[in-house]
Structure formats: structure tokens, C-alpha cells
Q: 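This is the structure, below, for whatever I ask next.
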2 protein chains.
Amino acid sequence: MSTLTQPRAAWRDRLRAAGLRVTAGRLAALDYLDDHPHSTAAEVLEGVAPALPSLSAQSVHNIVHDLTAVGLLRRVDLPDSDAARYETRTHDNHHHVQCVVCGRIEDVDCVVGHAPCLTPSQTHGMRILEAAVTFRGICPECEARTRDAAQEG
Amino acid sequence: MSTLTQPRAAWRDRLRAAGLRVTAGRLAALDYLDDHPHSTAAEVLEGVAPALPSLSAQSVHNIVHDLTAVGLLRRVDLPDSDAARYETRTHDNHHHVQCVVCGRIEDVDCVVGHAPCLTPSQTHGMRILEAAVTFRGICPECEARTRDAAQEG
DNA sequence: AGCGCTCTTTTGAGTGACTCAAAAGATCAC
DNA sequence: GTGATCTTTTGAGTCACTCAAAAGAGCGCT
Ligand SMILES: [Mn+2]
Ligand SMILES: [Mn+2]
Ligand SMILES: [Zn+2]
Ligand SMILES: [Zn+2]
């Protein structure tokens with residue numbers, strides 16, 4: 001029932017290409033994150049638990065760390081988030097919108113090339129490598145809920 | 001020796017205006033953060049300790065939390081940072097550059113109004129409130145150090 | 001297919017930022 | 001000054017994450 005953009009065979013190849021061994025935990029984590037982007041380590045653990053009950057929390061931390069190091073995963077740090085999040089969509093430097101009410105997170109494509117994001121007004125002499133942009137807002141559902149609550153009040 | 005942009009009397013007024021009581025801990029934290037922007041709660045504690053040895057870590061957390069809630073402080077969450085940082089420069093929605101090597105943090109003014117920062121390509125229906133932009137790069141000092149090390153190697 | 005080196009996972013313990021709650025203390029309106 | 005209320009302190013606890021050593025699995029090789 002899952003809609004995986006990357007079949008398992010592809011993950012196997014990419015793991016090997018990165019010099020990493022193919023393990024059940026790594027494949028399960030990649031599958032899960034491909035289907036559930038922006039998940040925390042704890043959510044990955046919970047998500048793969050039915051299929052891989054023996055996988056430990058420590059292993060999930062090892063896995064997301066190692067896969068991020070070789071570029072198979074990307075780590076996303078959002079404000080007001082206690083835990084780091086991970087996704088399989090890497091190397092496109094896309095950004096994120098987050099609803100301040102319900103926490104819903106969505107991707108935002110970066111205007112690549114002529115990037116306003118990559119041209120700060122003052123760089124303090126720093127050579128800029130990348131820009132992490134997090135938009136904070138209110139999603140339609142939460143806005144509607146807020147409106148309804150206001151009308152009753 | 002400190003170069004405070006806000007004299008103590010001004011902080012007293014702003015605390016009162018916000019409905020908060022004027023306490024030694026709050027004034028000390030505001031003074032320190034005015035002089036040392038982007039400090040963590042632990043750094044604030046260490047910084048005010050000489051003048052206020054009795055102030056507890058818990059109090060510093062209470063203080064930065066409460067002052068952020070009323071807008072006297074702004075909380076800054078940066079990637080790869082274990083602790084939240086705080087600053088007195090609020091309500092101008094400025095951004096930050098961070099050196100990935102030494103961690104040095106500098107302010108970057110936002111191009112207010114015609115903000116590329118505030119106009120994501122896809123909003124997923126969300127009403128955008130603000131954009132948090134963190135530029136990651138290498139500062140001149142770290143770049144020079146890296147170059148020197150490469151020449152020796 | 002089986003062996004064995006090496007990498008990975010598990011197990012166990014620990015750190016550090018932050019939170020919650022109740023008691024002691026300070027602020028400020030009166 | 002006095003008292004109600006807000007703050008700070010004290011004490012304990014949570015949670016993400018880290019470190020390290022032992023157990024286990026992957027895979028190159030024969
Ligand atoms: Mn994403
Ligand atoms: Mn700043
Ligand atoms: Zn929402
Ligand atoms: Zn630097």
C-alpha cells in the first residue's frame with residue numbers, strides 16, 4: 001500500500017555505492033522515510049517496529065546519522081522542534097513551511113540558481129555555502145478552526 | 001566597559017509595560033544579552049554569575065522564556081545547535097549567518113517589504129507569518145586556517 | 001556453501017537542555 | 001509597612017542524543 005519512489009533494489013545499490021553494508025534496519029529506515037518525510041528518529045523507530053521489532057532506538061540514531069553523512073538522508077532542523085527530522089529528498093536544497101499551530105510540515109522548492117535565498121545582504125566576509133529557510137505560518141485547517149472558535153466565543 | 005544600547009531605566013520601563021515585575025535577574029539577563037547577542041541560557045547564567053551569584057539556572061530559563069513571550073527577547077534556533085539562543089534585537093525579523101567551522105554567528109538584515117524571504121514558491125495554502133533564514137558558510141578566519149593547513153599537508 | 005574479517009547493532013550507562021511542581025522569597029499596589 | 005501576587009529557588013524528572021564495549025550480521029574470499 002505504500003507509495004515508495006525508491007524501490008528496495010535502488011536503496012541497496014546506493015548503500016553499496018556509499019560503501020555501507022545493506023542491512024534490514026537501513027532499508028527499513030529508508031523505506032519509511034521515503035514514505036514519511038520529516039520524521040524524527042523516534043517516529044522512524046515506531047514506524048519500522050512492526051516489521052523489525054528487534055531494532056533498537058540506538059540503532060535508529062546510528063542509521064540516520066550514518067545515512068546523513070553519506071548523503072542518502074538529509075537532516076532537517078526546525079525551530080521549536082525538540083528532535084531532528086530526516087528525509088530522503090536530498091541535494092536539492094529545498095526549504096520548508098511549518099504550521100505554527102499543528103506543526104504540519106511541507107516542502108517548498110528553492111528557486112535554484114538565481115537564489116534570493118543564497119544572497120544575503122551582508123555576509124560578514126563569510127563564503128556562503130547554503131541557506132536554510134523555514135517559513136512559519138498557519139495551515140488552512142488550523143485557520144478555519146481558529147475562525148470557528150472565534151465566532152462561538 | 002560594556003556598550004549597552006539600552007540603559008537599565010529603559011529595560012525597567014519595558015518590563016513594566018509588559019506587565020512584568022522588575023527583578024535583578026531580568027535586568028541582568030537583558031543587559032548581558034544586549035552586550036552578548038545570540039547567547040544560550042547557560043552562557044547568560046555564566047555571564048551574570050559574577051554580579052548575581054545566587055541566580056539559578058532554572059531562573060535563567062524562566063527569564064528568557066518569559067521575556068521572549070512578551071517580546072523583549074527573541075529566541076533563535078540554529079541548526080546543529082544543542083541549545084536555543086536569545087537576543088534583544090526583536091521585531092525586525094533579521095536573519096543569521098553561521099560559520100560551519102567555528103560556529104561564529106552574525107546578524108543579516110532582512111530585505112524588508114519586498115521580501116524574497118517571505119514569498120515562498122508554494123505555500124501549500126498556508127498563510128505565511130515569517131521566514132527564518134540561516135545562512136551557513138565559512139568565516140574568513142576559518143577559511144585562512146583551512147588554506148594554511150592544506151599548504152602544509 | 002562455509003570461513004572469517006570487518007562493519008553494524010545491541011546493550012548499558014551517561015550528558016545536557018529543558019520542564020514540572022511546590023516552597024521560599026521578592027516586588028509593588030495600597 | 002503590609003499583604004496579595006509574582007519570581008526565584010530547590011528538587012526531581014524527561015527526552016534527544018552520545019559514548020563505549022560486547023554480541024551479531026554482512027559479504028569478500030576460497
Ligand atoms: Mn523536506
Ligand atoms: Mn541576531
Ligand atoms: Zn495547522
Ligand atoms: Zn569560522
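Order of the sequence lines fixes the chain letters, A, B, ..., with proteins taken first and strands second; residue numbering starts at 1 for each chain.
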Q: Please state how far atom CG in L55(A) lies from atom C1' in dT11(C), giving the value in whole angstrom units.
A: 14 Å
Q: Taking CD from Q58(A) and P from dA21(D), how many angstroms apart are they, rounded to a whole number?
A: 14 Å
Q: Are the side chain of H38(B) and the backbone N or O of E106(B) linked by a donor-acceptor pair below 3.5 Å?
A: no
Q: Over all strands shown, is T40(B) touching base, sugar-phosphate only, or nothing at heavy-atom distances under 4.0 angstrom?
A: nothing
Q: Look for any protein N or O under 3.5 Å of an N or O in nucleotides 27-30 of chain D and output each such pair with its distance, or none.
A:
{"residue": "dC27(D)", "atom": "OP1", "partner": "V22(A)", "partner atom": "N", "Å": "2.9"}
{"residue": "dG28(D)", "atom": "OP1", "partner": "R16(A)", "partner atom": "NH2", "Å": "2.4"}

Q: Check the pair V44(A), Y86(A) against side-chain contact (heavy atoms from CB on, under 4.5 Å), reporting the backbone distance first and the verdict last.
A: CA-CA 9 Å; V44(A) 172; Y86(A) 298 88; 6.0 Å; no
Q: Could you give the CG-to-P distance, from L52(A) to dG24(D), as a whole number of Å?
A: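 Going from CG in L52(A) over to P in dG24(D) covers 16 Å.
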Q: If only atom types and distance count, is the side chain of E143(B) paired as donor or acceptor with the main-chain N or O of P140(B) below 3.5 Å?
A: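 Flag not set: sc E143(B) to bb P140(B) has no pair under 3.5 Å.
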Q: For the hydrophobic clusters of this structure (ILVMFWY residues joined by side-chain heavy atoms under 4.5 Å, transitively), does one cluster hold both V133(A) and L78(B)?
A: no
Q: Return yes if some donor-acceptor pair links the side-chain N/O of H65(A) with the main-chain N/O of H61(A) below 3.5 Å, else return no.
A: no
Q: Specify the separation, in whole Å, of atom CG of L45(B) and atom C1' of dT8(D).
A: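 So the CG-C1' distance, L45(B) to dT8(D), works out to 13 Å.
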Q: Would you check if L15(A) and V70(A) make a side-chain contact, meaning some heavy-atom pair closer than 4.5 Å?
A: no
Q: In residues 60-87 of chain B, which ones come under 4.0 Å of DNA chain D, going by heavy atoms?
A: N62(B), I63(B)
Q: Between R26(A) (side chain) and R21(A) (backbone), is there a donor-acceptor pair under 3.5 Å?
A: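 Checked: pair present.
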Q: Figure out the CG/P separation between L15(A) and dT9(C), and round it to whole Å.
A: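 Rounding to the nearest Å, CG of L15(A) and P of dT9(C) are 10 Å apart.
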Q: Are R89(B) and D109(B) within salt-bridge range, i.e. N to O under 4.0 Å?
A: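 Between D109(B) and R89(B) there is a salt bridge, with a charged N closer than 4.0 Å to a carboxylate O.
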Q: Any side-chain N or O of S56(A) less than 4.0 Å from the OP1 or OP2 oxygen of dT10(C)?
A: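 Yes, S56(A) has a side-chain N/O under 4.0 Å of OP1/OP2 on dT10(C).
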